[in-house]
Amino acid sequence: MSETYTASVVGGTGFTGGELLRILAGHPGFEVVQATSRSADNMTVGRSHPNLRGLDLRFSDPDDLESVDVLFAATPHGVSMGRIDEFFEAADTVVDLSADFRLPEADAYDEWYDGHESPEYLERAEYALPEINRENLAGADLIAGGGCNATATILGLKPLVDAGALGPETGEVVVDVKVGSSEGGAGGGAASSHPERSGVVRPYAPTGHRHEAEIEAYLGLSVSFTVHAVDMVRGASATCHVFPDDPVSKGDLWGAYRDAYADEPFMRIVSGGGGVYRYPEPKSVAGTNHGEVGFELDPENRRVVVFAAIDNMTKGSAGQAVHAANVALGLPETAGLEFDGLHPVGSP
């Protein structure tokens with residue numbers, strides 16, 4: 001690769017911060033020159049992320065940002081919107097993995113979050129998911145990472161929207177997402193502790209999940225959305241019950257999904273084939289930037305069941321961010337992301 005970009009990771013001790021460092025360390029187009037953390041200032045990266053013990057890098061204070069080409073912010077919601085001017089003083093391109101810039105309108109932050117400190121940046125931000133926003137990502141200097149639950153749902157439903165089977169006035173959609181404990185972050189609290197999480201299928205957002213706002217913004221769909229916490233570390237699995245107004249056939253579904261994803265480097269269609277893994281499962285994509293989608297037709301009930309599975313920390317966060325940065329900077333889309341997962345593995 002002819003050009004190398006310097007990069008920093010702000011908030012490097014968290015789960016997604018560690019994923020970013022793992023991916024960027026193996027990326028041929030990036031050189032990681034800084035990772036920040038208040039709690040681990042001057043400690044080695046390997047102390048927080050034992051899989052990165054070979055990385056010769058120490059955390060530094062987040063108030064002392066180095067000048068870089070690209071700054072990746074893996075901070076909690078609310079941090080980046082308050083520091084965005086400072087981030088742009090340090091970097092030409094900012095990639096934010098929080099919810100701070102992922103909705104296009106300030107009114108949506110009033111409704112779904114706690115308002116917005118820097119609404120003037122929202123129009124400038126581009127949603128990070130290349131499968132729906134590739135054209136607008138090219139040359140973008142503010143990239144907003146998607147939410148993992150929204151990402152899985154959007155990837156599952158996008159082909160039906162593109163094919164005209166779903167729209168604002170067309171069809172009802174009920175979505176149930178099951179997610180792993182890493183979605184709560186390194187400081188997820190009691191609900192994410194192993195004794196409390198083990199063995200559960202726990203509805204933690206029966207209604208009103210914030211990721212509904214992204215689905216509506218980028219697919220134009222209003223969905224009935226529920227999220228369950230399950231006994232899994234990595235992964236998000238969306239099961240979407242779709243009731244289109246007009247009948248669709250199995251051939252229509254295959255055509256829609258192939259048209260949408262045949263040329264996408266990280267998307268796989270897995271729909272009722274042979275073997276054990278007949279439909280998308282998080283275990284199949286754990287640790288990768290791949291997304292899997294599948295479907296089944298229920299003609300008697302005029303229902304289509306759509307499945308989508310991703311690794312919430314990779315395709316749903318850090319991998320998506322790097323993929324988007326590749327597109328924005330004109331690097332090969334798959335650079336640094338071509339790794340496959342492992343099989344067999346335990347709980348992902």
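Both backbone and side-chain heavy atoms feed into the values below; hydrogens, waters and symmetry mates do not. Given the structure is predicted, the values throughout are model-derived calculations rather than measurements. Starting from 1, each residue takes its place in the sequence as its number.
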#### Entry: Residue pair Arg234, Lys283: steps toward the side-chain contact (heavy atoms from CB on, under 4.5 Å) verdict
CA-CA 8 Å; Arg234 303 175 73 120; Lys283 187 173 180 178; over 6 Å; no
So if you build clusters from Ile, Leu, Val, Met, Phe, Trp, Tyr with side-chain heavy-atom gaps below 4.5 Å, do [X] and [Y] land together?
X      : Y      : answer
Tyr109 : Ile215 : no
Val175 : Leu297 : yes
Phe87  : Val95  : no
Tyr218 : Ile310 : yes
Leu52  : Val322 : yes

I need the minimum non-hydrogen distance between [X] and [Y], along with the two atoms involved.
X      : Y      : value
Leu24  : Ala7   : CD1-CB, 4.5 Å
Phe72  : Ala325 : CZ-CB, 4.0 Å
Leu71  : Ser8   : CG-OG, 3.6 Å
Pro265 : Arg134 : CD-NH2, 4.4 Å
Arg302 : Asp245 : NH2-O, 2.5 Å
Arg278 : Gly275 : CG-O, 3.1 Å

Should [X] and [Y] count as an ion pair when the cut-off is N to O under 4.0 Å?
X      : Y      : value
Asp176 : Lys178 : yes
Arg258 : Asp252 : no
Arg38  : Asp63  : yes

### Message
Please determine whether salt bridge (charged side-chain N to carboxylate O under 4.0 Å, His left out) holds for the pair Glu292 and Lys315, giving the CA-CA distance in whole Å, both sets of side-chain angles, and the decisive distance to 0.1 Å.
### Response
CA-CA 10 Å; Glu292 292 187 347; Lys315 184 64 176 171; over 6 Å; no
### Query
Once the angle between the rings of Tyr261 and Tyr257 is folded into 0 to 90°, is it parallel (under 30°), tilted (30 to 60°) or perpendicular (over 60°)?
tilted
### Query
Taking the inter-plane angle between the rings of Phe30 and Tyr5 on a 0 to 90° scale, is it parallel (under 30°), tilted (30 to 60°) or perpendicular (over 60°)?
tilted
Scan side-chain atoms only and decide if [X] and [Y] contain a donor-acceptor pair under the 3.5 Å cut-off.
X      : Y      : result
Thr93  : Asp69  : no
Glu126 : Asn133 : yes
Thr75  : Ser80  : yes
Ser222 : Glu216 : no
Arg303 : His241 : yes
Thr314 : Asn289 : no

### Summary
The residue among Tyr279, Trp254, Phe307 that forms ring pair (Phe, Tyr, Trp, His ring centres under 6.0 Å) with Phe295 is Trp254
How about [atom1] on [X], more than 12 heavy atoms from neighbouring residues, nucleotides or ligands closer than 6.0 Å, or not?
X      : atom1 : value
Glu120 : CD    : yes
Asp263 : CG    : no
Arg47  : CZ    : no

[atom1]/[X] to [atom2]/[Y] distance, rounded to the nearest 0.5 angstrom?
X      : Y      : atom1 : atom2 : result
Thr44  : Leu57  : OG1   : CG    : 9.5 Å
Ile154 : Tyr127 : CD1   : OH    : 4.0 Å
Asp311 : Glu19  : CG    : CD    : 6.5 Å
Ser271 : Leu253 : OG    : CG    : 8.0 Å
Leu20  : His27  : CG    : NE2   : 11.0 Å
Thr334 : Phe339 : OG1   : CZ    : 11.0 Å

### Query
So is Arg197 actually on top of Tyr204's ring, under 6.0 Å and inside 45° of the axis?
no
### Message
Show every salt bridge (Lys or Arg N to Asp or Glu O under 4.0 Å) that has at least one partner inside residues 76-102, sequence neighbours left out.
### Response
Arg83-Glu86, Arg102-Glu214
### Query
Do His211 and Phe225 make the cut of ring centroids closer than 6.0 angstrom?
no
### Query
Is there a donor-acceptor contact under 3.5 Å from the side chain of His49 to the main chain of Asn51?
no
For a 4.5 angstrom cut-off between non-hydrogen side-chain atoms, does [X] reach [Y]?
X      : Y      : result
Leu142 : Tyr121 : yes
Leu166 : Val242 : yes
Met232 : Ser181 : no

### Task
Go through Arg58 and Asp41 one step at a time and tell me if the salt bridge (charged side-chain N to carboxylate O under 4.0 Å, His left out) criterion holds.
CA-CA 8 Å; Arg58 288 181 177 271; Asp41 185 18; over 6 Å; no
### Query
By salt bridge (Lys or Arg N to Asp or Glu O under 4.0 Å), which residues pair with Glu111, not counting sequence neighbours?
none
